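Scroll down for the structure; my scribbles are underneath it.
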2 protein chains.
Amino acid sequence: MGFMGNMGTGGDMAEPRWLTDEEQHVWRAYLHATTLLEDHLDRQLQRDAGMPHVYYGLLVQLSQAPRRRLRMTELARSAKITRSRLSHAVARLEKNGWVRRENCPSDKRGQFAQLTDEGMEVLRRNAPGHVTAVRQAMFDRLSPEQVTQLGAIMRVMAAGLEPQDADADLPWLR
Amino acid sequence: MGFMGNMGTGGDMAEPRWLTDEEQHVWRAYLHATTLLEDHLDRQLQRDAGMPHVYYGLLVQLSQAPRRRLRMTELARSAKITRSRLSHAVARLEKNGWVRRENCPSDKRGQFAQLTDEGMEVLRRNAPGHVTAVRQAMFDRLSPEQVTQLGAIMRVMAAGLEPQDADADLPWLR
DNA sequence: GGCTCATTCTTGAAAGTTGAACTATGTAGG
DNA sequence: CCTACATAGTTCAACTTTCAAGAATGAGCC
């Protein structure tokens with residue numbers, strides 16, 4: 001008996017639609033691939049750049065923002081992490097000298113996280129290795145069609161999980 | 001200037017093949033979708049079952065094993081986590097009464113992790129909610145073709161990241 | 001047996017994450 | 001102005017994960 005596929009009826013609980021055999025296999029493959037990849041990138045970046053993948057992603061976001069800085073909330077939103085987590089992360093990156101905090105003049109509650117030159121340099125040094133790792137794990141293994149398919153699939157999933165869609169199944173609240 | 005796409009040449013460092021525009025978008029979508037989904041499942045299970053997604057996965061693995069038990073190393077391998085992490089996790093699950101440790105008679109170093117009846121019951125209670133969450137996030141949003149495509153893609157990626165493939169690009173070592 | 005090396009699993013400390021509580025500031029309405 | 005509530009960001013404690021080190025057993029070889 002499984003806990004994703006059909007367990008048979010008989011319980012007094014509402015029966016969901018269990019996963020088909022194919023769906024179970026896809027789900028398992030998804031879990032394996034995503035956890036292996038995230039672990040792989042975490043180790044690669046921890047070894048080469050001295051920070052986990054999420055932190056590296058924060059630096060990348062900042063590097064692409066105007067004046068290389070973003071409000072904390074904005075950065076948290078675009079990196080898909082909580083503000084609490086970001087506070088800790090930025091504190092650590094600041095200690096490394098890769099990010100600097102700045103007060104927001106127009107809103108005294110606000111803070112900017114700004115990428116320092118040193119942070120930019122860390123990014124420059126590690127970008128080649130990181131891109132290579134991503135390529136070897138994903139793009140060099142997939143056909144062009146698969147890359148396109150993956151993009152479409154991931155966009156659909158991400159759209160369904162965006163916070164603002166939390167009430168998407170509660171239309172009567174709108 | 002980006003750190004995944006072409007940054008232009010001119011550095012003294014070996015230039016990797018940067019990501020194309022489409023690859024960058026796919027990569028971004030992949031990161032968003034996977035982190036949003038993992039966060040979503042973590043919160044759902046933490047709220048309903050009182051444990052993170054990885055721990056729930058351990059119970060699922062055990063529930064499908066003969067006699068509902070597995071050697072620690074085997075469980076770690078199938079769940080794609082380190083033995084250290086598993087040790088801590090099982091300690092916690094044991095404290096909850098959901099897993100029990102047993103000595104392996106044929107190898108005195110070995111330990112079995114065995115799912116308790118209580119653990120089985122937790123699984124039973126939470127399986128419907130969990131499957132529903134997975135379904136809403138993934139299978140109910142994708143076409144049958146996309147599900148098949150996703151399976152193929154994830155299998156390719158997972159295969160390339162399996163530990164034993166660490167030397168896959170070093171054929172002269174074999 | 002005894003040596004060496006591999007394997008299994010655990011441990012402890014440091015690092016990272018979470019969720020709730022908290023401070024401070026902004027905003028809307030009387 | 002004042003109250004009430006919302007938003008921005010931080011902090012604390014509890015929890016989880018990682019990495020390196022360690023204890024115990026197994027396996028091969030002389």
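Keep in mind that this is a model prediction, so the values were computed, not measured. Chain naming here is simple, since letters A, B, ... match the order of the sequence lines and numbering starts at 1 in each.
A:Phe112 comes within 4.0 angstrom of no nucleic acid atom, judged by non-hydrogen atoms across all strands. Within the 4.0 angstrom heavy-atom criterion, no nucleotide atom of any strand lies near A:Arg47. A:Asp42 comes within 4.0 angstrom of nothing in the nucleic acid, heavy atoms only.
Checking the phosphate oxygens (OP1, OP2) of C:dG19, a side-chain nitrogen or oxygen of B:Arg43 falls inside 4.0 Å. Taking 4.0 angstrom as the limit, A:Arg71 places none of its side-chain polar atoms (N or O) nearer than this to OP1 or OP2 of D:dA8.
Going from atom CG of A:Leu86 over to atom P of C:dG16 covers 14 Å, rounded to whole Å. Distance CG (B:Asp39) to C1' (C:dG19): 13 Å, rounded to an integer number of Å. Whole-Å rounding puts the B:Arg85 CZ to C:dT10 P distance at 16 Å. Nucleotide C:dT8 holds its P atom 14 Å from the CG atom of B:Leu75, rounded to whole Å. Rounded to an integer number of Å, the gap from B:Arg83 CZ to D:dA23 P is 17 Å. Per the geometry, CD belonging to B:Glu94 stands 17 Å off C1' belonging to D:dT16, to the nearest Å. One can place CZ of B:Arg92 at 17 Å from P of C:dT10, the figure rounded to the nearest angstrom. For A:Leu45 and D:dT18, the CG to C1' distance is 15 Å, given to the nearest whole Å.
Mapping B:Ala89 and A:Gly110 onto DNA chain D by nearest heavy atom places A:Gly110 at the nucleotide closer to the 5' end. Residue-to-nucleotide proximity on DNA chain C shows that, of A:Thr82 and B:Glu74, the 5′-proximal contact is made by B:Glu74. Residue whose closest nucleotide on DNA chain C sits further toward the 5' end, between A:Val54 and B:Asp107: B:Asp107.
Counting only heavy atoms from C-beta on, A:Gln111 has its side chain closest to D:dG9 among D:dT25, C:dT8, D:dG9. Closest to the A:Tyr55 side chain, of the nucleotides D:dT17, C:dT25, C:dG16, is C:dG16.
Contact annotation: the side chain of B:Ile81 approaches that of B:Leu58 to within less than 4.5 Å [non-hydrogen atoms, C-beta and beyond].
Although no hydrogens or angles enter the test, the distance criterion places a donor-acceptor pair under 3.5 Å between the side chain of A:Asp42 and the main chain of A:His53. In terms of modelled atom types and a separation under 3.5 Å, the side chain of B:Thr116 and the main chain of B:Arg100 share no donor-acceptor contact. Judged by distance alone, the side chain of A:Arg109 and the main-chain N or O of A:Cys104 form no donor-acceptor pair under 3.5 Å.
Heavy-atom neighbours of B:Asp140 CG from other residues, nucleotides or ligands within 6.0 Å: above the threshold of 12.
Rounding to the nearest 0.5 Å gives a distance of 9.0 Å between CG of A:Leu36 and CE of B:Met157.
One cannot find a donor-acceptor pair under 3.5 Å joining the base of C:dT17 and the side-chain atoms of A:Ser84. Looking at B:His88, its side chain comes within 3.5 Å of the base of C:dG12 through a donor and an acceptor atom. Side-chain to base pairing of B:Arg109 with C:dT8: no donor and acceptor N or O lie closer than 3.5 Å to each other.
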